[in-house]
Amino acid sequence: MMEKIGTPPNPDPNPEPEPEPTGDNALLVIKMISGLEKEFELTASEVQDFIDWYNGRADGRGKETYMFDKDFNKGPFTSRKDYVAFSKVQSFEVMEYTK
């Protein structure tokens with residue numbers, strides 16, 4: 001009655017627990033506990049800096065906030081910065097791409 005279709009899945013026995021970014025750029029989407037989502041277009045290096053800060057803060061090291069320097073839509077301002085508090089981050093997603 002029942003036929004086995006296809007081949008059984010072959011999961012990677014040694015998954016990488018902390019993957020490194022591989023694309024040149026990435027869109028980082030941070031979901032805050034308030035439900036607000038913040039998006040940042042970053043280089044692979046900037047994404048790694050954020051992940052290092054987040055993991056360090058999760059271990060009790062580092063500053064409570066992480067600063068993103070916004071270099072777009074400055075208007076009359078000399079700089080724009082967005083600060084994200086570790087205690088307000090629910091989750092984050094990294095979507096890598098190559099330009």
Side-chain angles (χ1 to χ4, degrees):
M1 287 199 136
M2 301 283 292
E3 281 185 45
K4 191 172 185 179
I5 300 174
T7 59
N10 187 12
D12 184 1
N14 298 312
E16 189 176 343
E18 293 184 30
E20 300 288 324
T22 57
D24 296 335
N25 296 82
L27 182 64
L28 172 66
V29 180
I30 302 173
K31 184 169 184 177
M32 311 302 286
I33 60 173
S34 66
L36 176 71
E37 288 189 355
K38 294 179 170 264
E39 291 186 0
F40 301 95
E41 190 171 342
L42 305 171
T43 65
S45 174
E46 291 169 324
V47 169
Q48 190 58 52
D49 288 346
F50 173 80
I51 292 171
D52 291 345
W53 166 80
Y54 187 88
N55 288 335
R57 190 65 195 131
D59 289 338
R61 295 175 280 118
K63 297 180 179 183
E64 168 62 12
T65 60
Y66 188 86
M67 189 268 304
F68 291 95
D69 191 9
K70 293 182 169 184
D71 59 357
F72 62 92
N73 197 19
K74 286 184 185 177
F77 310 108
T78 55
S79 71
R80 290 180 63 212
K81 298 179 182 350
D82 195 348
Y83 293 85
V84 173
F86 176 81
S87 61
K88 304 297 182 195
V89 175
Q90 178 178 339
S91 63
F92 65 89
E93 177 181 13
V94 177
M95 294 169 274
E96 299 173 29
Y97 63 92
T98 302
K99 283 189 174 180

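Residues take their numbers from the sequence shown, with the count starting at 1. Just the heavy atoms: all of them, side chains too, but no hydrogens, waters or symmetry mates, feed the values below.
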Task: Atom NZ of K70: over 12 foreign heavy atoms under 6.0 Å - done: yes
Open item on the list: For S34, give me all partners under side chain to side chain contact (heavy atoms under 4.5 Å, CB included), at least two apart in sequence or on another chain.
Closed with: M32, L36
Reported [atom1]-to-[atom2] distance for the pair [X] and [Y], which is rounded to 0.5 angstrom:
{"X": "E37", "Y": "E93", "atom1": "CD", "atom2": "CD", "result": "8.5 Å"}
{"X": "D24", "Y": "E96", "atom1": "CG", "atom2": "CD", "result": "9.5 Å"}
{"X": "K81", "Y": "D71", "atom1": "NZ", "atom2": "CG", "result": "10.5 Å"}
{"X": "L42", "Y": "Q48", "atom1": "CG", "atom2": "CD", "result": "12.0 Å"}

- [ ] State which residues pass side-chain hydrogen bond (donor to acceptor under 3.5 Å, both in side chains) with D59; sequence neighbours excluded, sorted by chain then number.
- [x] R61
TODO: With sequence neighbours left out, write down each residue that passes side-chain hydrogen bond (donor to acceptor under 3.5 Å, both in side chains) with D49, or none if nothing qualifies.
DONE: none
- [ ] List in chain and number order the residues that pass ring-ring contact (aromatic ring centres under 6.0 Å, His included) with Y66, two or more places apart in sequence or in another chain; answer none if no residue qualifies.
- [x] F50, W53, F68
Task: M67 vs T65, side chain to side chain contact (heavy atoms under 4.5 Å, CB included): CA-CA, chis, key distance, verdict - done: CA-CA 7 Å; M67 189 268 304; T65 60; over 6 Å; no
Acceptor/donor pairs from residues 82-92 side chains to any protein atom, 3.5 angstrom cut, sequence neighbours excluded:
unit_1, atom_1, unit_2, atom_2, d
D82, OD1, K38, NZ, 3.1
D82, OD2, K38, NZ, 3.3
S87, OG, E64, OE2, 2.7

- [ ] Check the hydrophobic clustering (I, L, V, M, F, W, Y; side-chain heavy atoms under 4.5 Å; chains of links allowed) and say if V94 and L27 are grouped together.
- [x] no
